[in-house]
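In listed order, ligands and their atoms are each counted from 1.
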Amino acid sequence: MSTVHKVFITRNDMPDVGVELLKKQCDVRKWEKASPIPRDEFLKSVAGVNGIYCTLNDKIDKELLDAAGPNLKVVGTISVGYDHIDTAECRTRGVRIGYTPNVLTDATAELTLALLLTTSRRLPEAQNEAKTGGWVSWAPTWMTGPGLAGSTVGIVGFGRIGQAVARRVRAFNTAKILYYNRSEKPEAKEIGACKVGFEELLTQSDFVICCAALVPETKEIFNKSAFEKMKPTAVFVNTSRGGTVDQGALIEALQNNTIRAAGLDVTTPEPLPLDNPLFKLKNCVVLPHIGSATIEARNVMSELTAKNILCALNGSDMPAELK
Ligand SMILES: O=CC(=O)O
């Protein structure tokens with residue numbers, strides 16, 4: 001008789017579609033409270049499981065893998081980013097990793113454009129003025145910000161999401177799209193994007209967008225020196241990971257007008273404490289990490305996560321395995 005695989009899910013609010021798929025074949029347990037699972041509960045809950053269905057908030061490190069034990073076959077994260085997973089440790093133990101590339105590219109690119117325009121055209125500030133009596137009359141220089149048409153946009157990290165952002169940005173009649181990436185991307189030609197060095201991108205761009213995965217080479221790549229190289233009129237947007245930015249340096253750059261403004265969907269830490277200076281700055285828009293948060297993307301992400309886990313448990317090819 002074949003044994004039923006045990007899978008632990010770290011949240012009680014994962015989209016139903018993936019959870020139902022898993023339930024058909026596995027013994028599914030989940031964290032039942034509305035709040036995120038505390039670390040000590042997470043360590044206890046994974047003992048003896050075969051699969052873990054987690055989010056980007058759940059650290060999968062040596063300690064957690066030890067707590068799960070030798071029956072663990074797969075970790076499926078409902079995210080494209082995997083900087084929360086100790087991939088080397090998983091590999092050593094033969095634990096396969098599933099993630100969700102491709103299916104959230106459009107959603108994240110859409111949010112990146114929304115955040116860019118929200119920041120550059122000062123939408124939160126403008127709405128606040130309208131609601132609180134600051135809207136006295138139409139005024140020629142009031143609430144102005146830089147336009148995308150005719151501008152140079154620099155994209156750091158030119159993978160799936162960076163390219164999807166570039167394709168959308170192009171529709172705004174930008175003059176130039178620059179990208180910085182470890183390797184040359186063949187897609188760039190058709191998109192009309194030009195590969196440059198990091199420094200050149202910083203000095204030339206009116207808008208600097210970070211779409212790079214967080215790896216050792218990109219950790220705090222946006223530091224004091226990077227912000228100082230940017231134009232004083234530059235708008236910086238980050239929809240990748242907070243860890244790509246030296247946040248103290250960014251706060252200073254915004255306070256001193258070293259750059260014009262920043263739009264952040266990701267911060268360090270997350271959630272960002274309410275007393276963080278970024279929340280007090282008029283030239284900063286902070287969103288709560290909602291890049292992939294379309295209804296469609298989240299449903300497909302949950303289905304893909306479940307399929308990744310099921311395939312690994314059945315010893316077959318996973319639709320999206322991190323190699
Ligand atoms: O940030 C979101 C993701 O990695 O999916």
Is Asp58 close to Thr77 at the side-chain level, that is, under 4.5 Å between some pair of heavy atoms? no
Salt bridge present between Asp61 and Lys59 (N-O < 4.0 angstrom): no
Can you tell which part of Leu56 has a heavy atom less than 4.0 Å from ligand 1: side chain, backbone, both or neither? side chain
Can you find an N or O of Gly81 that's nearer than 3.5 Å to an N or O of ligand 1? yes
Counting only heavy atoms closer than 4.0 Å, does ligand 1 sit against the backbone of Leu104, its side chain, both, or neither? side chain
Flag the pair Thr294 / Met301 as yes when at least one side-chain heavy-atom distance between them is below 4.5 Å, and no otherwise. no
Counting non-hydrogen protein atoms only, what is the nearest one to atom 5 (O) of ligand 1? Give residue, atom name and distance. Val80 N, 2.8 Å
Does Arg241, backbone or side chain, put an N or O under 3.5 Å from an N or O of ligand 1? yes
If you round to the nearest 0.5 Å, how far is CD of Glu190 from CD of Gln163? 8.5 Å
Hey, which atoms in ligand 1 end up nearer than 4.0 Å to a heavy atom of Ser79? 3 (C), 4 (O), 5 (O)
Salt bridge or not between Glu63 and Arg39? Use side-chain N to carboxylate O under 4.0 Å. yes
Say whether His289, considering both its backbone and side-chain N or O atoms, lies within less than 3.5 Å of an N or O atom on ligand 1. yes
Does some side-chain heavy atom of Val245 sit less than 4.5 Å from a side-chain heavy atom of Phe227? yes
